[in-house]
Amino acid sequence: MIMKIEREIDQIIERYLPSLSCGEETIDSVLAKHADIRADLRPRLEAAMWLHQVRRSVEPRPGYISSSRKYLVERISSMQPAGLWQRIFRRYSPQRWVFNIAAPVIVLLLLALVINSAVLTARLSIPGEPLYSTKLVLEATRLALTFDPLERTDLHIHYSRERTTEFVELVLEGDYDDLPVAARRLETQINTSLRSLNAIPQDSLVEQHSMTTGFKDTLSSEVLMLNVLKTTSPPSAHAGIQLAINAAQIGMLALR
Amino acid sequence: MPGKLDQDHELIRKAQQGDPCAFGDLYENHAPAIFRYLFAHLDSQMDAEDLTGEVFLKAWQSLPKYTERGVPFLAFLFRIARNALVDHYRQNIRVEAKDPDDMDGYKAEGTVEPVDIVSSKLEHQNILRTISRLRPDYQMVLTLRFISELSPDETAQVMNRSVGAIRVLQHRALAALREVIGKSG
């Protein structure tokens, strides 16, 4: 029964509210039509009327809905989930290309440049310089990666020339303290070259002979050059230079 | 009060496929009701406008996951609105007053007379004061039914109750409101 009244009152309110608000009906005229529930209907109808009247104070201001709609549509358009092509395009846009591809390449190139410069500087270094140990490591690495006996021997001979060049540079720069160590290093390298020459297989005798002749000439020139250097250097350098001359001469003797 | 549920179906489908204009139509259909609901609980029109925009943005973001079988769209919007209102109260952030000519990129297209503004503000204060004296569920049912103009079915869906329960609640809420109006003269 209560449920029925509630539904009835709700329907009456819905039916009469528009005509009440425009003055076609009054509360009393509506109540007169529903005299049986008058006591229940009146307060509710009055409350509903009050709500209906004050409703205009919470209406959106004129033009708000249409202008904010435009704004909302623009905003959600910019938030749209990207399609496959858009995603691919965005992935490889010029800016992304720069960051994803060009930047690592540039970094790698710079790194290669730095490493190359370091290797070059190391190759030109002489005993006593910071990168000289790097030079020796690089030489050892190259030797370790050379498996052909002929090439290996050639490399040893090349390094012995390199030791002589370093020795000469030390003398010319007046760095006489390092001369004994450099002479010993030259001696070691000549000995290694000789051992490598002897280890060349029998089937490469022609190459061995050619290398031996070349190495002998090299050592001969070195002895000559070191002797000239000795005559032009101060006495404090003589002992060191003599050690190098001895090493080269021993090598020459061994080759005979 | 015609039911809006059926009209929404096609627009929702298009919006879910990424059509912003269809969502714009949904906005135009439902924003006034959402705005009135929010403004009936807030003392600032700017806050109500900001929250209305926020509700629809959240709805757009949640749209891919939305299924009509679960909750009708209007109920879905009002639930977001109710949560937005709760968050707003919780954060108690007073948004700085903005120049009406420069509100995040849009402008008012109409003009309102100063007398109407004052009158409307007084009425608004009156409604806020009166409704705030009611129980929260009474406030909600009256706001949804008479301010946002939802049908009993729609109100039931928003409040997650049966239509019968909504009628009972509304019956009591109207009586309570009449009493409050009578007391305040």
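Throughout, a chain's letter reflects where its sequence line sits, starting with A, and its residues are numbered from 1.
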> B:I147 and A:R55: which non-hydrogen atoms are nearest, and at how many Å?
O-CD, 3.6 Å

> Is it the backbone or the side chain of B:Q170 that comes under 4.5 Å from a heavy atom of chain A, or both, or neither?
side chain

> Show your reasoning for whether salt bridge (charged side-chain N to carboxylate O under 4.0 Å, His left out) applies to A:R69 and B:E28.
CA-CA 7 Å; A:R69 179 205 158 127; B:E28 209 152 337; 2.7 Å; yes

> Under 4.5 Å between any side-chain heavy atoms of A:I9 and B:H171, yes or no?
yes

> Does anything in residues 109-135 of chain A get under 4.5 Å of chain B by heavy atoms, and if so which residues?
none

> Return each pair, listed once, that meets salt bridge (Lys or Arg N to Asp or Glu O under 4.0 Å) where at least one residue sits in residues 52-62 of chain B; pairs must be two or more places apart or across chains.
B:E54-B:K58

> Is A:Q53 close to chain B through its backbone or its side chain, or both, or neither, when contacts mean heavy atoms under 4.5 Å?
backbone

> Do the non-hydrogen side-chain atoms of A:V58 and B:Q45 ever get within less than 4.5 Å of each other?
no

> Which residue out of B:L42, B:T52, B:T130, B:L38 racks up the most heavy-atom pairs below 4.5 Å with chain A?
B:T130

> Contact part of B:E179 toward chain A, heavy-atom cut-off under 4.5 Å: side chain, backbone, both or neither?
neither

> Take a 6.0 Å sphere around CZ of A:R15 and say whether it holds more than 12 heavy atoms from other residues, nucleotides or ligands.
yes

> Just so I understand: if I count every heavy-atom pair under 4.5 Å between each of A:D10, A:V54, A:V73 and chain B, which residue has the most?
A:D10

> Can you tell me which portion of A:I65 sits under 4.5 Å from chain B's heavy atoms? Options are side chain, backbone, both or neither.
both

> Just do the salt bridge (charged side-chain N to carboxylate O under 4.0 Å, His left out) check on A:E14 and B:R145 with the steps written out, would you?
CA-CA 10 Å; A:E14 277 212 34; B:R145 287 285 285 120; 3.1 Å; yes

> So, B:E49 and A:R61, do they make that salt bridge, N to O below 4.0 Å?
yes

> Is the shortest side-chain heavy-atom distance between A:E74 and B:P20 below 4.5 Å?
no

> From A:M49 CE over to B:L174 CG, what is the distance, rounded to the nearest 0.5 angstrom?
13.0 Å

> By number, which residues in residues 26-48 of chain A have some heavy atom less than 4.5 Å away from chain B?
A:P43, A:R44, A:E46, A:A47, A:A48

> Would you please name every residue forming a side chain to side chain donor-acceptor pair (under 3.5 Å) with B:Q139, sequence neighbours left out?
none

> Contact part of B:L128 toward chain A, heavy-atom cut-off under 4.5 Å: side chain, backbone, both or neither?
neither

> Could you measure the distance from the CZ atom of A:R75 to the CH2 atom of B:W60? Nearest 0.5 Å is fine.
13.0 Å

> Using every non-hydrogen atom in the two residues, find where A:W50 and B:I127 come nearest and quote the distance to one decimal.
CH2-CA, 3.8 Å

> Is any side-chain heavy atom of B:F146 closer than 4.5 Å to a side-chain heavy atom of A:H52?
no

> By a 4.5 Å heavy-atom criterion (distance strictly below it), what part of A:L72 contacts chain B: side chain, backbone, both, or neither?
side chain

> For the residue pair A:S68 and B:Y27, establish whether any side-chain heavy-atom pair is separated by less than 4.5 Å.
yes

> Heavy atoms, side chains only, cut-off 4.5 Å: are A:I76 and B:F23 in contact?
yes

> Would you say B:I131 and A:L51 make side-chain contact, with heavy atoms under 4.5 Å?
yes

